[in-house]
2 protein chains.
Amino acid sequence: MRILPTVPVRGSPHAALPLRARDAQSGSCSGCSCGTTWLSSGLDDGDLGHLETVVSARRRVARGTMLFKAGDPFHAVYAVRSGCMKSVVTRKGGAEQVSGFYLVGELLGLDGMGRGRYDCSAIALEDSVVCVLPFPLVEQLAHERPSFQHRLYAVLSREISRNHNVMLLLGTMRAEERLAAFLLSLSSRLARRDHSPFEFSLRMTREDIGSYLGLTLETISRLFGRFRDAGLLEIDQRKVRIRDHAGLKALLSQDEALAG
Amino acid sequence: MRILPTVPVRGSPHAALPLRARDAQSGSCSGCSCGTTWLSSGLDDGDLGHLETVVSARRRVARGTMLFKAGDPFHAVYAVRSGCMKSVVTRKGGAEQVSGFYLVGELLGLDGMGRGRYDCSAIALEDSVVCVLPFPLVEQLAHERPSFQHRLYAVLSREISRNHNVMLLLGTMRAEERLAAFLLSLSSRLARRDHSPFEFSLRMTREDIGSYLGLTLETISRLFGRFRDAGLLEIDQRKVRIRDHAGLKALLSQDEALAG
DNA sequence: CGAATGTTTGATGGTCATCAATGTAGGTGG
DNA sequence: CCACCTACATTGATGACCATCAAACATTCG
């Protein structure tokens with residue numbers, strides 16, 4: 001196996017966590033569950049064993065700071081180990097949009113593979129820790145383990161599918177439906193991580209949500225109010241409690257309900 | 001090399017073109033330039049040589065018919081050899097949206113790798129021919145040729161980047177900007193295929209364009225009128241002639257122009 | 001040629017952005 | 001501990017932008 005190129009630490013001045021680096025190099029990364037979500041389903045244990053050799057280090061990202069910036073050279077993919085991140089695309093004109101939120105166990109930075117440069121910036125929504133997966137190593141491991149390879153294709157492709165859903169959301173849904181879809185998606189993603197699907201805390205601001213959904217922060221705020229009044233959910237600042245899951249779902253297929 | 005699994009022909013009843021199948025199996029696919037666009041840049045000739053072994057067949061797709069349907073099992077990726085295709089995502093509610101247009105030389109079907117099923121349908125905008133790239137073979141070739149592998153990652157990742165741009169478009173641009181962006185993108189993609197960037201013919205209806213841009217067909221029609229009146233372009237039905245390329249570009253960075 | 005499909009153009013209104021003002025949490029230093 | 005400050009959230013008033021509905025026109029195709 002080729003020697004690990006030291007991963008250049010970029011972006012935030014906080015740098016990598018040196019205290020865990022030795023663990024990582026020895027292949028332990030104990031307690032790091034980052035692999036179990038994005039590559040595990042469908043993998044046998046043998047493949048998971050190899051994943052550890054890819055996790056070369058972890059890195060702490062303080063709230064509000066950038067893990068990487070659009071235009072930075074692409075060296076690694078990251079898995080969120082704790083905390084929460086957002087990715088932001090920027091237009092030449094200067095307009096920005098949140099292009100995704102990344103919860104514990106989810107992967108970010110995949111978009112950088114194409115040009116060799118990240119095309120969006122990653123910013124921590126709260127103090128977070130990510131696992132660094134240097135791309136040359138990912139590539140090599142993929143080459144050695146066909147099932148890992150397959151899994152990697154799947155991850156990339158699923159990112160494309162996810163984007164299709166966002167395009168549908170932005171292109172065809174009205175504000176209410178967008179927020180309902182967003183909340184349901186968040187809920188199910190959290191549920192996958194042994195979190196309650198009905199009670200959680202938003203890590204992002206109304207503005208972030210609005211940007212992601214193509215709406216303004218005021219509209220988001222009003223919608224939360226409307227949802228509360230309709231008995232769909234309770235909301236206190238960022239604490240959300242879903243009261244009527246079915247009701248939220250019903251918002252999505254409204255047109256069908258009327259048509260049928 | 002493993003034996004080529006016969007590619008199951010799905011979707012349209014038109015099936016594969018038998019007359020060229022022999023060519024393809026012998027590895028010639030003469031005149032098929034589909035590979036030269038999506039995998040060529042940056043590849044040496046040696047790799048291109050291998051591409052031919054992947055192109056197992058071509059398939060004719062009549063205007064308005066489906067190459068594959070959302071939910072169909074994923075077996076192959078397709079490269080447009082002639083004609084033009086669109087992809088369509090469908091919501092459970094029934095709402096549809098055009099998620100992309102594919103010109104000669106471009107790849108479609110990548111989104112199917114994740115779940116093993118296509119998550120959008122591909123429909124021909126005019127009588128078209130596609131090259132069939134059976135996925136097991138693509139995978140195998142990628143495994144054998146690291147540079148091909150790399151190229152494949154790049155293609156997938158670039159699709160993600162492309163989607164980010166569409167999300168930006170749908171999330172932050174107003175109708176005028178969206179159409180300008182669309183026309184400029186089309187223009188530059190055609191230019192890459194030795195086509196004139198200033199004079200071309202739209203293969204899709206106003207409704208398709210509207211769906212893709214998150215607008216209605218009437219809005220598209222009105223915008224074309226406005227662009228014509230502003231001297232930005234000439235348009236006669238589907239024939240477009242760009243008269244003021246800079247003017248179109250200016251529409252995109254409008255806010256910046258005002259801010260700066 | 002007729003029928004189907006796609007396009008243009010007009011009138012009207014809904015949805016959501018914008019502007020503006022007030023209210024609330026969370027952190028910091030006196 | 002309180003006062004303060006900053007960031008975030010709520011709520012209201014107004015109108016822009018674009019969807020919707022409707023009708024006439026053009027083009028393509030069988």
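Reminder, nothing fancy here: chain letters follow the sequence lines and each chain counts from 1.
Spacing between atom CG of B:L170 and atom C1' of D:dA19 amounts to 16 Å, rounded to whole angstrom units. As rounded to whole Å, 9 Å separates atom P of D:dA9 from atom CG of A:D208. If you take CZ of A:R206 and P of C:dA17, they are 16 Å apart, rounded to a whole angstrom. If you measure from atom CD1 of B:I235 to atom P of C:dG6, you get 16 Å, rounded to the nearest angstrom. Rounded to whole Å, the distance from CD on A:E177 to C1' on C:dC16 is 14 Å. At whole-Å resolution of the value, CD in A:E218 and C1' in C:dT15 are 14 Å apart. In this structure, B:R226 places its CZ atom 13 Å from P of C:dT9, rounding to the nearest Å. When the P atom of C:dT18 is taken as reference, atom CD1 of A:I220 falls 13 Å away, rounded to whole Å.
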Using the rule given for side chain to side chain contact (heavy atoms under 4.5 Å, CB included), can you reason through B:N163 versus A:R162, listing the C-alpha separation, both sets of side-chain angles and the distance that settles it, and then say yes or no?
CA-CA 10 Å; B:N163 287 343; A:R162 199 184 65 82; over 6 Å; no

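Of the candidate nucleotides D:dT10, D:dC18, C:dG6, D:dC18 has the atom nearest to the side chain of B:A175. Of all nucleotides listed (C:dT9, C:dG6, D:dC8), C:dT9 comes nearest to the side chain of B:R228. Taking every side-chain heavy atom of A:R174 into account, C:dT15 is the closest of D:dC18, C:dT7, C:dT15.
Between the side chain of B:E176 and the base of D:dC17, no donor-acceptor pair of N or O atoms lies under 3.5 Å.
Among the protein residues, B:L217 comes within range of the nucleic acid bases, having at least one heavy atom under 4.0 Å from a base atom. Counting non-hydrogen atoms under 4.0 angstrom, B:R178 reaches nothing in the nucleic acid. As judged by a 4.0 angstrom heavy-atom cut-off over every strand, A:Q237 is placed among residues touching the sugar-phosphate backbone only. Note on B:G214: only backbone sugar-phosphate atoms sit closer than 4.0 angstrom, heavy atoms only; bases stay farther off. Residue A:G210 is classed as having no contact, given no heavy-atom separation below 4.0 Å to the nucleic acid.
The two atoms that bring B:F68 and B:C120 nearest to each other are CE1-O, 3.2 Å, heavy atoms only.
Look at B:R243 and B:E234 and you find a salt bridge, because one of the NZ, NE, NH1 or NH2 atoms lies within 4.0 Å of a carboxylate O, short of that distance. Under 4.0 Å is where a charged nitrogen must lie from a carboxylate oxygen, and between A:R81 and A:E106 no such pair does. A salt bridge does not link B:D72 to B:R117: none of the charged nitrogens lies less than 4.0 Å from a carboxylate oxygen.
Side-chain nitrogen and oxygen atoms of A:T216 include none within less than 4.0 Å of the OP1 or OP2 phosphate oxygen of C:dC16. In this structure, A:R222 does not reach the D:dA9 phosphate: none of its side-chain N or O atoms is under 4.0 Å from OP1 or OP2. Under 4.0 angstrom from either OP1 or OP2 of D:dA9 there lies no side-chain N or O belonging to A:S221.
In this structure, A:T219 and B:T219 both approach DNA chain D, and ranking their closest nucleotides by distance from the 5' end singles out A:T219.
The only member of B:R63, B:R203, B:R238 that meets salt bridge (Lys or Arg N to Asp or Glu O under 4.0 Å) when paired with B:E126 is B:R203.
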